[in-house]
Each structure stands twice: as structure tokens, then as C-alpha cells.
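Beneath this line is the structure, given in C-alpha cells, with notes to follow.
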Amino acid sequence: MQRKSFADMACPIARSLEQVGEWWSMLILRDAFAGKTRFDEFQQSLGIASNMLARRLAVLVEAGMLDKRLYSERPARHEYVLTERGRDFRTVLVALLAFGDRHF
């Protein structure tokens with residue numbers, strides 16, 4: 001089954017889900033709020049396959065939620081830092097946390 005894109009929908013909820021609706025993305029953002037910035041930190045925390053993590057990080061960078069910054073040239077290593085848009089997602093995560101605490 002092919003996934004439907006919500007990018008062109010008029011609904012802002014649908015357009016937001018296009019960028020962060022995949023559960024790994026929300027967990028990566030959760031970890032970014034907890035202070036994690038490096039690929040290996042995300043991978044260790046989430047137990048996610050490296051190819052999946054690389055794809056999700058690229059999507060979050062492209063969406064403007066994270067900024068990819070070089071922190072080491074030899075070897076080339078990057079960190080992922082929340083942007084203003086990414087920091088604005090905090091209210092969504094807090095709402096999910098409150099909902100999960102209450103109902104699950």
C-alpha cells in the first residue's frame with residue numbers, strides 16, 4: 001500500500017503530520033528536547049536501525065525541525081540541534097505526554 005501525502009491538504013494538522021507524523025520522528029524530537037544531539041545518542045536511546053535513523057533525521061532537517069551542524073571535520077561528524085520550529089513542537093510532545101500519562 002502506498003502512503004498518501006498530506007503536504008497539499010488545506011488542514012494544518014494534516015500538513016504537520018506530513019513532517020512529524022511518523023512515530024520515530026516524534027521520539028527523535030523527544031530525545032532532542034532531552035539534550036541529545038548526536039547520531040549515536042539517538043541510536044542508543046531509541047534502538048533504531050542506523051539507516052532508518054539517518055532517513056528520519058534527514059526528513060526532520062528538511063522540514064526545518066532540526067539543524068544539522070558539523071562538530072568534527074576528521075572524521076566528519078554532525079550534531080542535530082532543535083530549530084525554532086522544532087522547539088515550537090514542545091507543546092505537542094507535552095500534550096502527548098499528558099494524554100499517555102492519563103490514559104495509558
Side-chain angles (χ1 to χ4, degrees):
M1 177 174 14
Q2 187 172 357
R3 180 169 113 39
K4 177 178 175 52
S5 174
F6 300 142
D8 295 329
M9 293 183 100
C11 174
I13 294 171
R15 290 193 315 270
S16 297
L17 285 171
E18 180 69 22
Q19 303 304 319
V20 296
E22 199 272 332
W23 59 77
W24 286 119
S25 296
M26 288 194 208
L27 294 175
I28 291 167
L29 291 169
R30 176 206 62 190
D31 282 359
F33 277 106
K36 292 175 178 41
T37 60
R38 298 187 178 174
F39 190 94
D40 60 329
E41 293 174 326
F42 290 117
Q43 191 171 31
Q44 182 177 10
S45 171
L46 298 170
I48 185 174
S50 59
N51 61 337
M52 176 62 78
L53 178 57
R55 280 196 304 268
R56 297 318 310 161
L57 287 169
V59 167
L60 289 168
V61 168
E62 186 178 325
M65 303 293 282
L66 295 174
D67 189 27
K68 183 178 178 179
R69 299 179 185 165
L70 187 68
Y71 73 85
S72 173
E73 290 187 18
R74 293 181 189 250
R77 301 261 190 236
H78 296 89
E79 63 181 354
Y80 298 87
V81 180
L82 288 162
T83 63
E84 181 179 357
R85 181 180 290 179
R87 289 187 301 274
D88 284 348
F89 194 71
R90 181 180 181 85
T91 36
V92 176
L93 290 178
V94 169
L96 282 170
L97 173 66
F99 179 81
D101 277 349
R102 180 168 179 178
H103 297 288
F104 301 108

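Position 1 is the first residue of the sequence, and the numbers go up from there.
When all heavy atoms are compared, the tightest approach of Phe42 to Ile28 is CE2-O, 3.5 Å. Glu79 and Tyr71 make their closest contact through N-CD2, 3.5 Å (heavy atoms, listed as atom of the first residue, atom of the second, distance).
Here the side chains of Leu96 and Met26 are in contact, with some heavy-atom distance below 4.5 Å. No side-chain heavy atom of Val81 sits under 4.5 Å from any side-chain heavy atom of Leu66. Contact of the Tyr80 side chain with the Val61 side chain is registered, since non-hydrogen atoms from C-beta on lie closer than 4.5 Å. Counting only heavy atoms from C-beta outward, the side chains of Met65 and Leu82 never approach each other to under 4.5 Å.
The side-chain hydrogen bond (donor to acceptor under 3.5 Å, both in side chains) analysis of residues 20-33, with sequence neighbours excluded, yields the pairs Glu22-Arg56, Ser25-Arg56, Asp31-Ser45. Annotation: side-chain hydrogen bond (donor to acceptor under 3.5 Å, both in side chains) contacts involving residues 82-103, sequence neighbours excluded, are absent.
Note: Glu41 CD to Arg38 CZ = 6.5 Å, rounded to the nearest 0.5 Å. To the nearest 0.5 angstrom, Leu57 atom CG is 10.0 Å from Gln43 atom CD. Summarising the geometry, atom CG belonging to Asp67 is positioned 12.0 Å from atom OG1 belonging to Thr37; distances are rounded to the nearest 0.5 Å. Rounded to the nearest 0.5 angstrom, Ile48 CD1 and Leu53 CG are separated by 5.0 Å.
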One pair to check against ring pair (Phe, Tyr, Trp, His ring centres under 6.0 Å): Phe89 and Phe33. What are the steps and the verdict? CA-CA 10 Å; Phe89 194 71; Phe33 277 106; 7.6 Å; no
Under the side chain to side chain contact (heavy atoms under 4.5 Å, CB included) rule, what do Asp40 and Gln44 come out as? Steps first, then yes or no, please. CA-CA 6 Å; Asp40 60 329; Gln44 182 177 10; over 6 Å; no
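Side-chain atoms of Arg15 come within 3.5 Å of backbone N or O of Ala10 as a donor-acceptor pair. Put simply, the side chain of Glu62 never gets that close to the backbone of Ala58: no donor and acceptor are under 3.5 Å apart.
One hydrophobic cluster, built from ILVMFWY side chains closer than 4.5 Å, holds both Met52 and Leu29.
Crowding of Ile13 atom CD1: a count of heavy atoms from other residues, nucleotides or ligands under 6.0 Å not exceeding 12.
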